[in-house]
Number of protein chains: 2
Amino acid sequence: MLACSSPSGDGGIDNRFFAVVEYVRRQEVSDILYIMSDKRETPLSSPPLEGHHCTVDLRLEKLGLVPFFQQLAEEQLREVNKKFTASHYSKGETIYRQGDSSTMLRVVVAGNVKLVSHTLEGEGVLLDMLQPGDFFGNPTAGSQDVYNETAETQTPACILSIRLSDFREVMNRYSSVAMVVLDITTDRLNESRQRIQHLSTLPVTKRIAHILVTLAHKFGEEDRRGLLIQLPLSRKDLADMAGTSAETTSRVMSQFQEDDLITSGRQWVAIKDKPELLRISAES
Amino acid sequence: MLACSSPSGDGGIDNRFFAVVEYVRRQEVSDILYIMSDKRETPLSSPPLEGHHCTVDLRLEKLGLVPFFQQLAEEQLREVNKKFTASHYSKGETIYRQGDSSTMLRVVVAGNVKLVSHTLEGEGVLLDMLQPGDFFGNPTAGSQDVYNETAETQTPACILSIRLSDFREVMNRYSSVAMVVLDITTDRLNESRQRIQHLSTLPVTKRIAHILVTLAHKFGEEDRRGLLIQLPLSRKDLADMAGTSAETTSRVMSQFQEDDLITSGRQWVAIKDKPELLRISAES
DNA sequence: GCACTAACTTGATCCAGCTCATTTTAGTGC
DNA sequence: GCACTAAAATGAGCTGGATCAAGTTAGTGC
């Protein structure tokens with residue numbers, strides 16, 4: 001079995017042999033089978049989410065986990081829950097488009113959503129990658145009455161929506177909610193400003209190193225391969241975050257792989273040496 | 001008098017003659033004197049602000065003009081006012097430094113303040129330019145307990161400070177205040193994201209054109225020279241906003257001047273053709 | 001296990017904008 | 001009016017990263 005053809009020069013019999021020894025030691029049978037089968041498939045866990053899972057039961061449970069509702073009592077939460085409607089989206093669906101009139105505030109219950117801003121020429125900039133618990137859309141009633149970005153699911157997702165006017169009422173009633181929303185928005189502003197700084201002052205390599213560390217921190221899951229970023233993530237996605245081209249991103253990632261800092265395949269990345277990446281992103 | 005030596009080729013006798021005719025027609029004597037004297041000095045109006053002007057009287061008056069207190073009644077405002085302390089700063093003073101522990105929220109009463117973020121190597125990025133009525137410092141009690149930018153006066157300024165804990169109390173009591181702070185923060189986030197987009201996708205010329213239009217919109221004052229940006233603004237400042245070098249900014253500005261889109265001197269810029277600049281910043 | 005395709009890699013060329021160096025000038029203070 | 005200085009303009013050369021153009025390959029679906 002170990003002698004079966006290997007797809008390319010590296011990752012061949014030697015590497016696999018030692019990997020098996022390692023996993024025998026750790027008694028991780030499924031990993032051994034994986035290696036021996038020589039069958040590669042995406043290491044990203046498929047989302048444990050079907051359309052029918054995106055129901056009221058789940059909603060109430062999840063809503064309590066949303067940061068800005070954590071302060072609310074059971075009964076208040078039940079009240080607020082009534083204002084929400086749930087929708088299920090499959091992978092790659094558009095939730096709303098840049099320029100659409102902005103009447104709803106949304107919350108990710110399950111899955112991932114990316115916010116992308118497009119220029120007139122169609123170039124995309126990836127503004128944010130959202131997780132369960134994150135809200136999106138404008139929480140303001142003010143100057144912004146249209147979305148200035150497009151929201152698209154990166155995985156199948158369950159999304160709750162509340163009418164903006166209803167949400168503002170909730171914020172008025174429960175100041176703790178308004179406060180948490182403000183805190184989150186301030187954090188996002190600070191993040192966003194840091195990114196401006198990076199775009200203005202750092203070369204591409206450091207920007208990408210920093211993005212990888214940040215993503216690992218937010219979406220990382222320990223895995224045989226390292227800290228696996230649990231999210232479909234193409235070179236193009238990374239490029240759109242780093243403000244560079246897909247080709248340059250590919251070159252940088254190849255170098256990182258060369259230096260044994262990461263492992264990656266199609267649409268997935270695992271960090272093998274986070275401290276070193278962090279060092280690269282911050283060195284003078 | 002009109003025959004006196006002109007400092008350079010252009011702006012000589014002909015231009016001055018027609019300018020005088022124009023101003024005679026409009027009976028603007030001071031402008032005529034200005035032109036005839038051939039004495040150039042900064043067109044920026046010196047701030048009408050002395051240390052002793054930054055007093056309690058002014059405070060109460062100004063505080064009511066701050067967006068997030070506009071909803072408050074006279075009495076409530078008087079109450080809130082007690083929590084504030086006023087300080088006067090002269091031009092170029094540092095109000096707080098990046099990394100200082102963040103215990104105060106501040107409001108500009110008069111003058112201008114710039115927020116700058118510095119890299120380890122000392123490169124600066126100009127994050128925001130503030131006007132009377134703008135707040136700065138973190139309004140959150142959360143994850144951010146240090147400032148992540150440096151605040152420095154761009155003109156002499158009068159600044160009010162309130163302890164963060166006091167301000168959060170005010171926000172808890174008056175939800176309208178929390179709401180407006182949230183709206184402003186959301187607007188800033190959107191601005192900031194637009195800037196990320198520009199840094200990622202636009203060439204320097206367009207970025208600078210856009211910044212000039214934005215500044216004109218925020219700080220512009222009609223003037224003989226055009227829409228004068230009422231703010232000391234060096235090429236370096238502009239460069240730090242556009243994420244480019246002072247030299248490149250200078251070249252771009254020279255070109256704009258060549259094309260009769262702007263007039264500028266040391267630390268000041270006046271827009272002569274805003275529509276065209278806007279077109280440049282947005283053209284494909 | 002094989003075929004297929006979108007994602008990724010790699011190479012070669014080019015140029016916008018950076019850097020370093022020098023000159024010019026606007027605005028100020030005497 | 002003159003001298004002084006920091007800001008701005010300008011020149012010349014270089015390079016990081018974009019762009020265009022082929023290959024290669026991981027992962028999927030049959």
Side-chain angles (χ1 to χ4, degrees), chain A residues 1 4-12 34 37-44 46 91-92 121 123 199-208 225 232-240 242-258 262-270, chain B residues 1 4-11 34 37-44 46 91-92 121 123 198-208 225 232-240 242-258 262-270:
Chain A
M1 278 290 250
C4 62
S5 72
S6 88
S8 77
D10 47 68
Y34 170 91
S37 74
D38 207 4
K39 181 180 182 178
R40 302 285 192 84
E41 40 184 38
T42 182
L44 299 180
S46 52
K91 182 174 173 170
E121 284 83 48
E123 279 179 288
L199 283 168
S200 305
T201 60
L202 299 184
V204 172
T205 308
K206 292 185 185 188
R207 299 210 300 265
I208 293 181
R225 296 161 198 78
L233 189 71
S234 69
R235 296 292 182 266
K236 186 70 175 58
D237 288 331
L238 273 170
D240 287 349
T244 184
S245 66
E247 292 93 330
T248 297
T249 306
S250 185
R251 279 182 247 271
V252 171
M253 296 291 276
S254 296
Q255 187 58 51
F256 285 166
Q257 201 137 10
E258 183 96 357
I262 62 170
T263 321
S264 86
R266 301 198 162 199
Q267 314 239 47
W268 65 268
V269 184
Chain B
M1 277 290 253
C4 63
S5 72
S6 88
S8 78
D10 46 72
Y34 169 91
S37 75
D38 207 5
K39 182 180 181 178
R40 302 285 193 84
E41 39 186 40
T42 182
L44 299 180
S46 52
K91 181 174 174 170
E121 285 84 48
E123 279 179 287
H198 287 180
L199 283 168
S200 305
T201 61
L202 299 184
V204 171
T205 308
K206 294 185 185 188
R207 299 209 301 265
I208 293 181
R225 297 160 198 79
L233 189 70
S234 68
R235 296 292 181 264
K236 186 72 176 57
D237 287 331
L238 273 170
D240 287 348
T244 183
S245 67
E247 291 93 332
T248 297
T249 306
S250 184
R251 281 181 246 271
V252 171
M253 296 290 278
S254 296
Q255 187 58 52
F256 285 166
Q257 200 136 9
E258 183 95 359
I262 63 170
T263 321
S264 86
R266 304 202 157 195
Q267 316 239 46
W268 64 267
V269 184

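Since we're looking at a predicted model, the values are computed, not measured. Below, chains carry the letters A, B, ... as their sequence lines are ordered, and counting in each starts from 1.
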Can you tell me how far [atom2] of [N] sits from [atom1] of [X], to the nearest Å?
{"X": "A/Met253", "N": "D/dT25", "atom1": "CE", "atom2": "C1'", "value": "16 Å"}
{"X": "A/Asp240", "N": "C/dC8", "atom1": "CG", "atom2": "P", "value": "12 Å"}
{"X": "B/Gln255", "N": "D/dG11", "atom1": "CD", "atom2": "C1'", "value": "16 Å"}
{"X": "A/Gln257", "N": "D/dT24", "atom1": "CD", "atom2": "P", "value": "18 Å"}
{"X": "A/Arg235", "N": "D/dG27", "atom1": "CZ", "atom2": "C1'", "value": "14 Å"}
{"X": "B/Glu121", "N": "C/dC18", "atom1": "CD", "atom2": "C1'", "value": "16 Å"}
{"X": "A/Leu199", "N": "D/dG16", "atom1": "CG", "atom2": "C1'", "value": "15 Å"}
{"X": "B/Trp268", "N": "C/dA26", "atom1": "CH2", "atom2": "C1'", "value": "10 Å"}

Nearest listed nucleotide, side chain of [X], among [options]:
{"X": "A/Arg266", "options": "D/dT25, D/dA18, C/dA26", "result": "D/dT25"}
{"X": "A/Gln267", "options": "C/dC8, D/dA8, C/dT9", "result": "C/dC8"}
{"X": "A/Ser250", "options": "C/dC8, C/dG17, D/dG17", "result": "C/dC8"}
{"X": "A/Thr244", "options": "C/dT9, C/dC18, D/dG17", "result": "D/dG17"}

task = Report yes or no: does B/Arg207 contribute a side-chain atom to a donor-acceptor pair with the main-chain N or O of B/Gly243 at less than 3.5 Å?
result =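 Yes, the answer is positive, given that a donor and an acceptor are paired below the 3.5 Å cut-off.
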inquiry  = Tell me whether B/Ser254 contacts the main-chain N or O of B/Ser250 through its side chain, where contact means a donor paired with an acceptor under 3.5 Å.
reply    =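 The answer is yes, because a donor-acceptor pair under 3.5 Å joins these two groups.
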ask   = Between the base of C/dC8 and the side chain of A/Glu247, is there any donor-acceptor pair under 3.5 Å?
value =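 Answer no: no donor N or O sits under 3.5 Å from an acceptor.
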message = I'd like to know if A/Arg251 reaches the base of D/dT19 with its side chain such that a donor and an acceptor end up less than 3.5 angstrom apart.
response =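 Yes, the side chain and the base share a sub-3.5 Å donor-acceptor pair.
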key: Who pairs with D/dC30 - Watson-Crick or G-U, where each distance is under 3.5 Å   =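 Across all strands, the one nucleotide that pairs with D/dC30 is C/dG1.
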ask   = For B/Ser264 and B/Arg235, does a side-chain donor sit closer than 3.5 Å to a side-chain acceptor?
value =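 Note: B/Ser264 and B/Arg235 side chains meet the donor-acceptor criterion.
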task = Starting from the 5' end of DNA chain D, give me the residue, A/Leu202 or A/Gly265, whose nearest nucleotide shows up first.
result =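 Its nearest nucleotide being more 5', the pick is A/Leu202.
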